[in-house]
Amino acid sequence: MLNKYFLIIFLYFITLGHWASSQNMLDGSELWFANTELSKSIQITHPSSICIWETSDTFAIIEEELKAGLTNLFNLSANVSKKVKPGSILVGTSALKEIAKYLKADEIKKIGDDGFIIRTVKSENITIITGNTDKAVLYGAYHYLRVLQTGKDEEIDVVEIPDYQRRILNHWDNLDGSVERGYAGKSMWKWDELPAKISPKYIDYARANASIGINGTVLNNVNANPEVLSQTYLKKVKVIADQLRPYGIKTYLSINFSSPSELGNLSTSDPMDEEVQKWWQAKVREVYSFIPDFGGFLVKANSEGLPGPQDFGRTHADGANMLADALKPFNGIVMWRAFVYNPEGGDRAKQAYDEFMPLDGQFRKNVIIQVKNGPVDFQPREPFSPLFGNMKKTSLMPELQITQEYLGFSDHLVYLGTLFKEFLNTDTYTLGKNTTIHRLTDGSVFNDSITAIAGVANIGTDTNWCGHHFAQANWYTFGRLAWNHQLSAREIAKEWLMQTFSHDHDFVNQMSCVMMESREAVVNYMTPLGLHHLMGWSHHYGPEPWCEIPGARPDWLPAYYHKADSFGIGFDRSSTGSNAVSQYTEPLRSMFDDPALCPEEYLLWFHHLPWDYELINGRDLWTEMCCRYSYGVEQVELFQKTWNSMEGKIDLARFKEIQKKLSIQSTEAIWWRDACLLYFQTFSGRNIPLWLNRPEYKLEDLKKRKFNLKPHS
Ligand code: BDP
């Protein structure tokens with residue numbers, strides 16, 4: 001008897017110890033592979049075997065992933081065999097005879113290179129995972145595991161075709177190991193160790209991306225160092241490309257437009273010069289000799305001081321086409337960025353449109369113009385860039401920012417699923433109702449030869465990859481939406497929470513609500529009602545609406561954007577102001593032009609309005625600003641409370657780290673509220689309504705503070 005009790009107690013402690021240590025081991029490095037619970041809505045039993053007949057590097061990964069994934073989910077080891085029996089999962093390309101008999105010719109054609117089919121054949125009690133290529137089967141395998149973990153039975157029977165052909169991460173990583181606008185440590189590309197030493201993180205990275213359908217990566221910063229095209233660096237790039245290839249990920253590079261002169265010692269980089277053209281052709285041949293499936297070039301030209309074709313009196317089209325011609329024989333593409341503006345060009349928000357619209361139709365077929373979601377620069381909220389829909393004869397790809405340059409770096413919990421969806425679902429009306437940005441860019445409206453979407457990565461050497469555990473969700477969401485833009489931000493959030501933390505109903509429900517609200521909160525405490533660009537000089541952290549730097553470019557200073565004075569606040573982009581509204585199609589043009597019709601979230605983006613301007617809810621503009629800033633702070637306080645109530649539902653280490661970050665965010669939301677309200681009050685001369693909390697700081701003290709330098713007190 002005593003022995004029996006002893007055994008029970010012993011086993012209890014062993015189990016508890018095991019649970020505790022496995023829970024303690026979680027540090028965020030596992031990304032969305034951290035939790036391996038089977039979904040409660042899935043009824044299937046442990047598969048009897050995994051049948052795989054084909055061999056390739058990719059099939060080896062598929063086998064390994066399915067084996068490990070199923071073993072974890074069912075707590076039973078999964079066998080691989082070639083013998084089909086009831087309960088088997090058949091995994092292979094559509095051409096394989098064992099698989100082909102279950103497929104229809106038209107569906108095989110429809111799914112293209114990346115799409116996959118997961119089919120349950122009830123009569124034989126088997127499941128098929130297939131696609132036309134091995135990488136499509138890999139996407140199917142990851143999807144299958146994801147559904148087992150987060151989905152319902154019916155989701156096991158699916159045909160999935162990605163919305164964008166190219167789903168690309170842009171790394172703003174420099175060759176010296178730093179990351180421009182990176183808040184998660186150093187660059188994950190170890191240029192100094194390559195090509196001899198290969199970091200195991202490259203495989204982890206490839207795996208994470210493949211699991212959400214990302215199939216391309218630009219390794220280096222758009223502010224590109226010409227050296228990246230030197231033979232020394234191409235040898236390093238080749239090694240990374242070789243690591244990523246089995247996961248279906250193509251490698252791309254950002255190039256510097258004056259590489260012919262800077263790297264090749266030519267006297268010019270003029271795209272019309274024959275020697276320059278020959279230099280690029282030879283360079284492209286060299287790149288492909290190292291990386292036969294190289295994706296192409298990303299180019300930032302004549303932007304923020306970088307060289308470009310305009311330095312030689314040529315256009316963006318001349319520059320892009322010259323590179324496109326060199327890449328064409330190898331099926332490479334050019335992603336040419338439309339992020340251009342200069343201090344002499346008038347309203348910054350109008351400049352990309354002014355410069356690129358006249359070039360519509362002049363670009364080669366293998367050029368795609370990469371356009372940031374908004375017309376200025378990744379602000380917490382911007383209206384969409386009017387290039388979308390208006391450039392009708394040129395392929396356009398959206399550029400979204402995953403790294404939180406203007407959103408509290410990796411200190412603030414800001415879920416970007418709602419921002420990405422708001423943008424993709426925007427109706428531009430350029431060809432009548434329902435000309436949404438996702439339809440304009442995924443090939444449904446214009447039948448583009450290339451479709452693509454890019455996200456500026458938030459990845460670095462930090463243990464948890466992204467600096468903030470919740471910032472991982474933004475990487476995940478970018479991939480999921482690039483694959484299927486019809487998914488809702490909420491369902492992606494839930495899916496991510498379940499895989500990353502726990503299936504606990506309360507946890508998933510409450511934290512998905514926090515995530516869904518988090519972007520609106522940041523807009524409230526940073527830039528409500530269409531305000532923008534109020535952040536600190538150069539580092540872009542914390543509030544500095546007062547910032548003035550002697551001799552600085554005015555379009556890099558907040559006053560250029562908020563234009564606060566004793567009359568009111570906001571940038572007049574109406575037809576009587578800069579007339580940026582004219583770049584939008586009706587009915588948006590008239591809506592944006594009239595403050596009474598303009599959506600309130602864009603009010604001060606398009607209008608300079610008096611402090612006593614009356615809003616729809618009856619409040620005057622100043623009072624509404626005070627309410628929104630205060631509400632933003634309250635929202636974050638509520639996020640903190642909600643998180644605190646989650647203690648015990650997830651591992652302690654991540655719980656505490658997130659708790660700490662939320663406390664920083666809460667303090668900083670107050671900085672933002674106080675800095676903006678106290679500063680704008682010097683113009684409005686009005687009181688902060690008595691029913692709202694009083695500022696905690698004094699304006700003079702806040703002005704002295706360097707917000708990017710901690711501590712947060
Ligand atoms: C701005 C960043 C700058 C980037 C630039 C770009 O502040 O670091 O180089 O965008 O996108 O948001 O080129």
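Counting starts at 1 for both ligands and their atoms, in listed order.
Side-chain atoms of Asp572 never come within 3.5 Å of backbone atoms of His608 as a donor-acceptor pair (strictly under, hydrogens ignored).
Ring pair Phe680/Tyr629: centre-to-centre distance not below 6.0 Å. Between His533 and Phe571, the gap from one ring centroid to the other reaches at least 6.0 Å. Aromatic pair Tyr525/His412: ring centres closer than 6.0 Å.
A cation-pi contact, defined as under 6.0 Å to the ring centre and within 45° of the axis, links Lys201 to Trp465.
Protein neighbours of ligand 1 below 4.0 Å, counting non-hydrogen atoms: Trp172, Glu180, Arg181, Val222, Asn223, Lys300, Glu304, Arg337, Phe339, Lys372, Asp377, Glu405, Tyr406, His540.
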Scan the side chains in residues 368-376 for donor-acceptor partners under 3.5 Å anywhere in the protein, sequence neighbours excluded, and list what turns up.
unit_1: Gln370; atom_1: NE2; unit_2: Asn170; atom_2: OD1; d: 2.9
unit_1: Gln370; atom_1: NE2; unit_2: Glu399; atom_2: OE1; d: 2.4
unit_1: Lys372; atom_1: NZ; unit_2: Asp377; atom_2: OD1; d: 2.8

